[in-house]
Amino acid sequence: MKHMASADRPERPTLVILAAGRSTRFGRAKQLEPVGPGGASLLEYAVYDAVRAGFGRFVLVVRESQRDEFEARLRPMRAAGVSLSLACQRLVHPDLVPLAPPGRVRPWGTGFAVLAAATALPRQGPFAVCNADDFYGRVAHERLGHALADPPSGVRAFAVTSPLANTLSAFGGVSRGLCEERPDGTLLRMTEGLDLRLDGDAPRTGEGAEAPAARPRVVGRTPSGAAIRVDGDSQACMGLWGFFPDILPLLEERFRDFVAASPGTEDEFYLSETVGDLAAAERTRCGLVPAGQGWMGVTFPGDRERVAVSLRQLTEAGAYPVDLWTPHVHAKPVGSAQPSLFGPPPAPPSGVATAPGRINLIGEHIDYNGLPVLPMALDRHVNVDFEAVAHSTVELEGDSVHGSFAFRLDRATESAPRGHWSNYVRAAARGLLDHGVELRRGIRGTVTGTVPVAEGLSSSSALVVASALALLHANEAQVEALELAALLARAERYVGLQGGGMDQAASLCGREGHALRIDFGPLRVTPVPVPEGWRWVVASSLTRAEKAGAVRELYNERRAQCAEALERVGRTSWLEVVEADEDEFASILAGARKSLPLTLSRRFRHVASEGRRVIEAERALRGDNMAAFGRLMNESHASLRDDFGVSTQALDEIVGVARDAGAAGARLTGAGFGGCAVALCRANEAKGVIEALIDRFYAPRGGVDRRALFVADASNGATVTP
Ligand code: NG1
């Protein structure tokens, strides 16, 4: 079985988790302590967050004696498709310390733990390091992932930081890396602070409604015993780091120096001090990445309760599932009935691959600009009913309109005439082959579907996804869901539309009852529950938006205009525009209005404002504020109509009728230029909205059927049923 493991792709970073500490102050192995509502430990939360942030594999550094216990705890993660390995940290190391010094029991410290992991790291590509007993939160992992993917020139290391006062324990002194910054924002030096605690009873920053009268001070000592007294809002590194492999020889060199200096049996080789020294000596430049979210750690038994309460709250708010490792969208391998490295042998290579279409709730024409979007998978599907064939031919039969076709997999790069539906199947095959999946078997079968074609509901991506799953299954191969979504998004562009990556991800990662927040670069999918009592009415404008026809040029033109507008205002990332604070955002928009020609400035305003609407819409959804969600949909439609120029008179009319009939909001969905609109209604008002649309929009045009007007439910993603 050929499995395109993410491990083969060096660009996805590895996370090294340091779990060999002795937990002396905690009293038992705190790395495995269950703290989440479903019994997960903090290291499992780190893995979960890092997978969502695009990390491809994990190395756990443990003590020899803990190996079996850890192996057992890793099983559910591995079964969920996470690539994990163990590295043992010993007192001896074949190259660095062939003999342990007499009397030494204490591990060598965090800097050495990274060297112990080195043999398990890919030779190329960045890696991160974190502590097993700290909770960093999703944002911290994401920011580090972005920083590693796109480091500022010359920066070869990153330290994730938080204000020191926010990282203390109420139950005793803790150790942290204390950062001093250069004027350019990189690390000047770092000192390991031990036994850090608030000075006296000064209040903590960030807690209590009243601003503290005096800034809190933190006291402690350095490893050599010197007193430390610093501002509580100075930056502390909590053990989350990002590196490139060129750090390893530097660490090795410093560790040899450390050992050569005959350290005491309790002295440690700290990662923080070593990177701090390397930065101070200008041997490496280390960027500082703000963690951006409440860091939590478990140093003392009393810390556990506070962390458990916060994790329960985060889980209730939908940020985490109760059980992290029952198959989830983020790491679920698809394409085979066997998602795990364990379990029964693969199912026979025939079955039905089913992939849903999607409606986009908000966030239009921004996925290809790298901005988050909020679609949901539809309860309408494309089905490929297939059996594997020994020769490498794909032979599929469609309905009477679409007809049949056959092609050889070794000729998947050849296209059928423009507009022919086989091009989407060829694109899927080509995408898999380009990714290195070995397709020795072809498939024979039929394609049926209930996703209306050319209506902005992603029938094309559903076909691409279902074909890819059928081919994977026939060849008993697997590709992890997000990786598959990303490669199929690239593959679908072979057909000529320079599309984004929303549709393939929504089709693969849909979740019943949930909208999907989809982030790009790297691709991540976060299900967001849709509050009870609300329905989505989908209504066709009765005009097809043929992406293989005229719409293709209009779409590609928009994409090019967006890139040009961004470049001409001197920015390199839309995310940076969208995340600006209110004042800066207003001034960016004003600048764009002044400096860009009218059309480009309108395109710019649409992308920037739509990006912000998606963030607000996610907040509204999570806060059950559907009136606000509806308003944002209305604003989105106006922006697509006036600034982006992709609405039509029929779409505007549908949106107007739906709103008049009581919808909380309505907008065109998908690329526009025809296709469908979506209206958000209270469940008890959906019928009235549908009736109004029939009376005022469809009746004068000769009526409507269930393909053109329906209530959509958020559905699960693509599957293969053997
Ligand atoms: P539709 O309208 O479903 O073809 C297209 C793109 C999306 C996205 C939307 C506009 C493809 C396959 N689909 O969707 O990525 O850009 O337009 O938001 O390219």
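All heavy atoms count here, side chains included; hydrogens, waters and symmetry mates do not. Read the numbers this way: they start at 1 and go in the same order the structure lists the ligands and their atoms.
The distance criterion of under 3.5 Å between nitrogen or oxygen atoms is met by Gly500 with respect to ligand 1. For ligand 1, the polar-atom distance check against Ser458 finds a nitrogen or oxygen pair separated by under 3.5 Å. When only interatomic distances are considered, the shortest N/O to N/O separation between His365 and ligand 1 falls below 3.5 Å.
The closest protein non-hydrogen atom to atom 3 (O) of ligand 1 is Arg358 NH2, 2.7 Å. Remark: minimum distance from atom 11 (C) of ligand 1 to any protein heavy atom is reached at Asp503 OD2, 3.5 Å. Scanning all protein heavy atoms for the shortest distance to atom 19 (O) of ligand 1 gives Gly499 CA, 3.0 Å. Scanning the protein for heavy atoms near atom 12 (C) of ligand 1, the closest one is Glu492 OE2, 3.2 Å. Looking at atom 6 (C) of ligand 1, its nearest protein heavy atom turns out to be Tyr555 OH, 3.3 Å. Atom 7 (C) of ligand 1 has Asp367 OD2, 3.4 Å as its closest protein atom, hydrogens excluded (heavy atom only).
Under the 6.0 Å cut-off for aromatic ring centres, Trp534 and Phe629 do not qualify, their centroids lying 6.0 Å or more apart. Annotation: Trp574 is in aromatic contact with Phe604 [ring centroid separation under 6.0 Å].
Residues Glu512 and Ser715 bring no donor and acceptor atom of their side chains to less than 3.5 Å of each other. Remark: the Glu492 side chain and the Ser461 side chain contain an N/O donor-acceptor pair separated by less than 3.5 Å. With 3.5 Å as the limit, one finds no donor-acceptor pair spanning the side chains of Asn360 and Thr669. With 3.5 Å as the limit, one finds no donor-acceptor pair spanning the side chains of Arg667 and Asn634.
Looking at Glu364, Arg559, Glu610 and measuring to atom 18 (O) of ligand 1, the nearest heavy atom belongs to Glu364.
Residue contact annotation: Arg493 has no non-hydrogen atom under 4.0 Å from ligand 1.
If you number the atoms of ligand 1 from 1 as listed, the ones under 4.0 Å from a heavy atom of Leu497 come out as 11 (C), 19 (O). The ligand atoms of ligand 1 that sit less than 4.0 angstrom from a heavy atom of Gly456 are 2 (O), 3 (O). Near Met502, meaning under 4.0 Å from any of its heavy atoms, are these atoms of ligand 1: 8 (C), 9 (C), 18 (O). Close contacts of ligand 1 with Tyr368, meaning ligand atoms under 4.0 Å from a residue heavy atom, involve 16 (O). Numbered from 1 in the order shown, with element, the atoms of ligand 1 that lie under 4.0 Å from a heavy atom of Ser461 read 12 (C).
Residue contacts with ligand 1, taken as heavy atom pairs separated by less than 4.0 Å, involve Ala671 via backbone and side-chain atoms alike.
Cation-pi geometry between Arg426 and Tyr494 is not met: the NZ or CZ atom fails to fall both under 6.0 Å from the ring centre and inside 45° of the normal.
By the 4.0 Å N-to-carboxylate-O rule, Arg696 lies close enough to Asp660 to be salt-bridged with it. Salt bridge annotation for Glu616-Arg612: absent, with no cationic side-chain nitrogen under 4.0 angstrom from a carboxylate oxygen.
Heavy-atom neighbours of Arg706 CZ from other residues, nucleotides or ligands within 6.0 Å: at or below the threshold of 12.
No option in Leu709, Leu457, Val711 other than Leu457 meets the side chain to side chain contact (heavy atoms under 4.5 Å, CB included) test with Val538.
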